[in-house]
2 protein chains.
Amino acid sequence: MKDLLKLDNQLCFPLYALSREIIQRYRPHLDEIGLTYPQYLVLMVLWENDKQTVNQIGHKLLLDSGTLTPLLKRLEQKQIVLRQRSTVDERVVEISLTNMGIDLKKKAKCIPEKLIQELEITQEEIDSIRSIADKILKLK
Amino acid sequence: MKDLLKLDNQLCFPLYALSREIIQRYRPHLDEIGLTYPQYLVLMVLWENDKQTVNQIGHKLLLDSGTLTPLLKRLEQKQIVLRQRSTVDERVVEISLTNMGIDLKKKAKCIPEKLIQELEITQEEIDSIRSIADKILKLK
DNA sequence: TGCAATTATATTGTGTGCAATATAAAAAAT
DNA sequence: ATTTTTTATATTGCACACAATATAATTGCA
């Protein structure tokens with residue numbers, strides 16, 4: 001009878017360890033452009049569509065204001081994004097890229113390929129992880 | 001030409017989001033026995049082999065003393081583990097389960113099955129994630 | 001033996017994550 | 001038009017992660 005409380009039999013531990021490990025592999029590359037991994041994710045959202053509300057960013061990254069507000073303030077301090085209260089709806093804060101934020105995309109462009117090479121991961125493996133993640137995350 | 005800086009094309013983001021999501025699904029169950037997810041992982045290591053050093057635990061969970069020392073102190077305060085300096089080698093701190101820590105295993109026993117059911121994940125999917133994780137993590 | 005290098009843990013500081021709560025604005029209901 | 005409810009963001013508090021550094025004990029080597 002398999003012991004489900006053994007680490008080797010866990011579902012989440014490999015995900016948790018792998019996710020931290022890959023973020024570590026990103027670090028040297030992200031250090032060069034002065035970003036943390038979550039900050040890089042936020043910028044990826046903005047590079048795809050500039051000017052989004054805190055809510056929209058949080059919805060895409062599954063992060064709440066408790067995480068995003070201080071993160072966005074740090075990006076604002078680094079002059080990478082602007083935070084502006086909407087005049088139409090005063091509750092909303094709109095986040096947009098500065099020129100520096102826009103330029104960062106060029107410097108970040110090479111990072112994903114480098115990672116894939118360093119990790120020696122195949123496209124099938126990436127797709128496999130993504131399809132499992134999509135299935136579970138969409139249950140929400 | 002696929003934009004590798006799009007969130008949809010990321011390798012790590014699904015892992016990062018899925019790992020956080022699953023830890024959230026654990027929360028209500030772990031709340032009942034007063035543990036966080038990383039604390040639960042430490043206990044799983046100790047349930048399998050009682051009395052291990054901080055180093056041994058850290059090696060299995062890929063966590064360093066900066067994370068483990070305060071976490072273990074919290075487990076000690078809750079009287080779930082003991083922390084004792086080895087008399088043979090004064091640098092080493094040995095972590096062992098208290099009776100309360102041993103008893104917790106019974107209460108935790110049902111958690112993994114519940115999670116697998118709630119997530120509606122198959123054994124193939126679990127194995128697939130684990131084999132990819134093992135491959136990348138063993139490169140270290 | 002004596003001293004340099006290594007090892008094990010602890011500490012400090014920064015940046016997440018996230019629950020719980022607060023605040024203020026907008027929308028809905030009466 | 002008020003009141004109630006909902007919505008968007010911010011704040012607080014706690015627990016990780018992890019880099020960098022510190023400290024003390026042990027090992028290895030000249």
Side-chain angles (χ1 to χ4, degrees), chain A residues 12-13 15-28 30-31 34-43 52-59 61-78 80-81 83-95 140, chain B residues 12-13 15-28 30-31 34-43 52-59 61-78 80-81 83-95 140:
Chain A
C12 186
F13 174 65
L15 284 173
Y16 158 82
L18 184 56
S19 148
R20 285 187 296 121
E21 171 65 20
I22 297 185
I23 289 171
Q24 296 243 54
R25 305 281 187 103
Y26 269 98
R27 190 181 307 276
L30 290 175
D31 277 351
L35 295 175
T36 65
Y37 184 75
Q39 290 168 4
Y40 169 69
L41 288 180
V42 167
L43 289 184
Q52 296 192 54
T53 70
V54 175
N55 233 358
Q56 290 174 311
I57 296 171
H59 188 255
L61 299 180
L62 310 179
L63 292 171
D64 70 4
S65 67
T67 301
L68 284 176
T69 297
L71 186 159
L72 290 167
K73 283 183 176 174
R74 282 187 282 270
L75 285 179
E76 185 185 36
Q77 277 201 325
K78 289 193 264 195
I80 291 171
V81 304
R83 299 168 62 245
Q84 298 168 299
R85 287 256 162 218
S86 161
T87 49
V88 183
D89 182 340
E90 292 265 348
R91 293 170 304 180
V92 171
V93 172
E94 289 169 333
I95 309 297
K140 291 194 79 167
Chain B
C12 186
F13 175 65
L15 285 172
Y16 159 83
L18 185 55
S19 151
R20 285 187 296 121
E21 172 65 20
I22 297 184
I23 290 172
Q24 296 243 54
R25 305 281 187 103
Y26 270 97
R27 190 181 308 277
L30 291 176
D31 277 351
L35 295 176
T36 65
Y37 184 74
Q39 289 169 6
Y40 169 69
L41 288 180
V42 167
L43 289 183
Q52 296 191 56
T53 69
V54 175
N55 231 1
Q56 290 174 312
I57 297 171
H59 188 255
L61 298 180
L62 310 180
L63 292 171
D64 71 4
S65 68
T67 302
L68 285 176
T69 297
L71 186 158
L72 291 167
K73 283 183 176 174
R74 282 187 284 271
L75 286 179
E76 185 185 37
Q77 277 201 326
K78 289 192 265 196
I80 292 171
V81 303
R83 297 168 63 246
Q84 298 168 299
R85 286 255 163 219
S86 162
T87 48
V88 183
D89 182 341
E90 292 265 349
R91 293 170 302 179
V92 171
V93 172
E94 288 169 334
I95 309 297
K140 292 195 77 165

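Naming: A, B, ... by sequence-line order, numbering from 1 per chain.
As rounded to whole Å, 14 Å separates atom P of C/dA8 from atom CD1 of B/Ile57. Rounded to whole Å, the distance from CZ on B/Arg25 to C1' on C/dC18 is 16 Å.
Residue B/Val42 is classed as having no contact, given no heavy-atom separation below 4.0 Å to the nucleic acid.
Looking only at side-chain heavy atoms (C-beta outward), A/Gln56 and A/His59 stay at 4.5 Å or farther from each other. Two residues are said to be in side-chain contact when any heavy atoms from C-beta on lie closer than 4.5 Å; A/Val81 and A/Val42 fail this criterion. Under the 4.5 Å side-chain criterion, counting only non-hydrogen atoms from C-beta, A/Pro38 is in contact with A/Leu71. Using a 4.5 Å heavy-atom threshold, the side chains of A/Leu75 and A/Leu35 count as touching. Counting heavy atoms from C-beta outward, B/Leu63 and A/Arg20 have side chains that approach closer than 4.5 Å.
Taking the side-chain hydrogen bond (donor to acceptor under 3.5 Å, both in side chains) definition, one finds that B/Glu94 meets it with nothing, sequence neighbours left out. By the salt bridge (Lys or Arg N to Asp or Glu O under 4.0 Å) test, A/Glu76 pairs with A/Arg83, sequence neighbours left out. For B/Arg74, the salt bridge (Lys or Arg N to Asp or Glu O under 4.0 Å) criterion is met by no residue, not counting sequence neighbours.
Looking at A/Tyr26, its side chain never comes within 3.5 Å of a backbone N or O of A/Thr36 through a donor-acceptor pair. Formation of a donor-acceptor pair under 3.5 Å by the A/Asn55 side chain with backbone atoms of A/Gly58 is not found in this model.
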Using the 3.5 Å cut-off, write out each protein N or O paired with an N or O of nucleotides 3-7 of chain C and the distance between them.
from: C/dT7; atom 1: O2; to: B/Arg91; atom 2: NH1; distance (Å): 3.0

Strictly under 3.5 Å: I want the nitrogen or oxygen pairs between protein and nucleotides 13-17 of chain C, one per line.
from: C/dT16; atom 1: OP1; to: A/Thr36; atom 2: OG1; distance (Å): 2.7
from: C/dT16; atom 1: OP2; to: A/Gln39; atom 2: NE2; distance (Å): 2.7
from: C/dT16; atom 1: OP2; to: A/Arg74; atom 2: NE; distance (Å): 3.0
from: C/dT16; atom 1: OP2; to: A/Arg74; atom 2: NH2; distance (Å): 3.3
from: C/dT16; atom 1: O5'; to: A/Arg74; atom 2: NH2; distance (Å): 3.1
from: C/dG17; atom 1: OP2; to: B/Tyr16; atom 2: OH; distance (Å): 2.4

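From the 5' end on, the contacts that DNA chain D makes with chain B at under 4.0 Å to a non-hydrogen atom open and close at D/dA15 to D/dT26.
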